[in-house]
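Data block below; observations after.
Note: hydrogens, waters and symmetry copies are ignored here, and every other heavy atom, side chains too, is used. A, B, ... follow the sequence lines: proteins, then strands. Residue 1 opens every chain.
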There are 2 protein chains.
Amino acid sequence: MTPQRMAVLKVIIDNEEHLTAEQVYGRVKPDFPMISLATVYKTLSMLKEMGEILELDLHTGCKHYDGHRIFSHPHLICTECGAVVDIEEHDLSNLSQDMEKSTGFEITKFQANFFGICPQCQKH
Amino acid sequence: MTPQRMAVLKVIIDNEEHLTAEQVYGRVKPDFPMISLATVYKTLSMLKEMGEILELDLHTGCKHYDGHRIFSHPHLICTECGAVVDIEEHDLSNLSQDMEKSTGFEITKFQANFFGICPQCQKH
DNA sequence: CTACATGCAAACCCTTTGCAGGCTG
DNA sequence: CAGCCTGCAAAGGGTTTGCATGTAG
């Protein structure tokens with residue numbers, strides 16, 4: 001893995017947020033001024049294939065990446081301010097297993113997003 | 001609501017599948033040869049706002065629409081052949097309620113998609 | 001020398017938008 | 001006439017790709 005690619009992975013792992021390709025690009029650029037967005041995309045695609053990072057669709061118009069927890073986990077998204085809360089929830093894993101039994105599918109991953117209004121936004 | 005828009009809604013309701021904008025366009029065209037894709041998109045957007053149809057992201061590169069069950073429900077998607085199975089599952093509703101209590105969010109909808117390999121594709 | 005990595009720009013694809021003409025009431 | 005509905009074409013935005021150059025082993 002090249003230094004640039006390492007940098008992309010590091011940026012994703014070092015951030016608690018779920019960065020977009022554009023954001024990753026912006027944060028890698030100080031250290032690698034010559035890096036292009038295309039390289040970032042190619043790298044993200046590679047890391048995703050390798051299972052190093054998780055690609056998320058938070059319904060914001062572009063993809064987000066999470067390097068902290070490779071296993072799928074649910075998100076709670078505020079439709080007012082865009083805040084994203086990661087959920088630690090194991091019920092869905094059990095649900096996956098139940099579903100495998102009842103449908104015969106071999107489930108490889110799941111995506112569960114809950115949309116709503118966060119406590120702060122409810123006040124306004 | 002204009003006849004064309006009624007036709008768009010009807011196509012979605014009459015189909016068990018989750019049609020894409022392009023597919024809706026193709027099925028409305030026999031009755032309304034002059035209809036344009038732009039009108040289909042505008043109508044789908046309107047119907048979504050009205051809460052008549054549900055917009056789904058099945059990770060196929062474009063959006064799908066479901067007019068049968070306006071309330072969110074989970075899907076099981078085969079990553080090999082693209083088959084989509086609707087899941088009747090009430091555990092997620094309970095989960096929503098639990099989550100509201102623990103996070104203070106007011107949850108308006110949820111999206112849950114399980115990806116895997118269907119029984120047929122597992123044979124090959 | 002072979003293979004892979006990179007930057008640039010163009011291409012892609014689905015979706016949205018601007019606009020002028022039509023239709024309705 | 002006011003206001004919405006329509007089709008067309010163009011624009012839009014995130015992502016992908018082709019290609020020539022650069023780099024490493």
Next on the checklist: Rounded to whole Å, please give me the gap between CG in A:L37 and C1' in C:dA10.
Outcome noted: 14 Å
Checklist entry - Should the ring pair B:H75 and B:H18 be called parallel, tilted or perpendicular, given that the plane angle runs from 0 to 90° and is split at 30 and 60? => result perpendicular
Checklist entry - Any side-chain N or O of A:Q4 under 4.0 Å from OP1/OP2 of C:dA5? => result no
Next on the checklist: Let's see if you can work this out: which of D:dG14, D:dG7, C:dT6 has an atom nearest to the side-chain heavy atoms of B:S36?
Outcome noted: D:dG7
Item to check | Distance in angstrom units between A:R5 CZ and C:dG7 P, rounded | outcome: 10 Å
Checklist entry - Above 12 or not: heavy atoms from other molecules or residues under 6.0 Å from NZ of B:K48? => result yes
Checklist entry - What about A:K63: does its side chain form a donor-acceptor pair under 3.5 Å with the base of D:dG13? => result no
Item to check | Separation of atom CG in B:D57 from atom P in D:dT15, rounded to whole Å | outcome: 12 Å
Item to check | Below 4.0 Å: OP1/OP2 of C:dT6 and any side-chain N or O of A:T39 | outcome: no
Next on the checklist: Distance check, rounded to the nearest 0.5 Å: A:I77 atom CD1 versus A:L58 atom CG?
Outcome noted: 4.0 Å
Checklist entry - Any chance CE of A:M1 has more than 12 other-residue heavy atoms, nucleotides or ligands included, within less than 6.0 Å? => result yes
Checklist outcome for this item: Among C:dC8, D:dT15, D:dC8, the one nearest any side-chain atom of B:M34 is D:dC8
Item to check | Nucleotide C:dC13, atom P - distance to OH of B:Y41 in whole Å | outcome: 13 Å
Checklist outcome for this item: To the nearest 0.5 Å, atom CD of A:Q111 lies from atom CG of A:N113 at 5.5 Å
Checklist entry - Taking CG from A:L58 and P from D:dG14, how many angstroms apart are they, rounded to a whole number? => result 15 Å
Item to check | Distance, rounded to the nearest Å, where A:L56 contributes CG and D:dG14 contributes C1' | outcome: 16 Å
Checklist entry - Choosing from C:dC8, D:dG14, C:dT15, which nucleotide comes nearest the side chain of B:C62? => result C:dT15
Checklist entry - For B:K48 and C:dC14, what is the distance between atoms NZ and C1' respectively, to the nearest whole Å? => result 13 Å
Checklist entry - Base, sugar-phosphate alone, or nothing: which one does B:E22 contact when heavy atoms must sit under 4.0 Å apart? => result nothing
Item to check | Presence of B:T2 side-chain N/O under 4.0 Å of D:dT6 phosphate oxygens OP1/OP2 | outcome: yes
Next on the checklist: Without decimals, in angstroms, what is the distance between B:Y65 OH and C:dC14 P?
Outcome noted: 13 Å
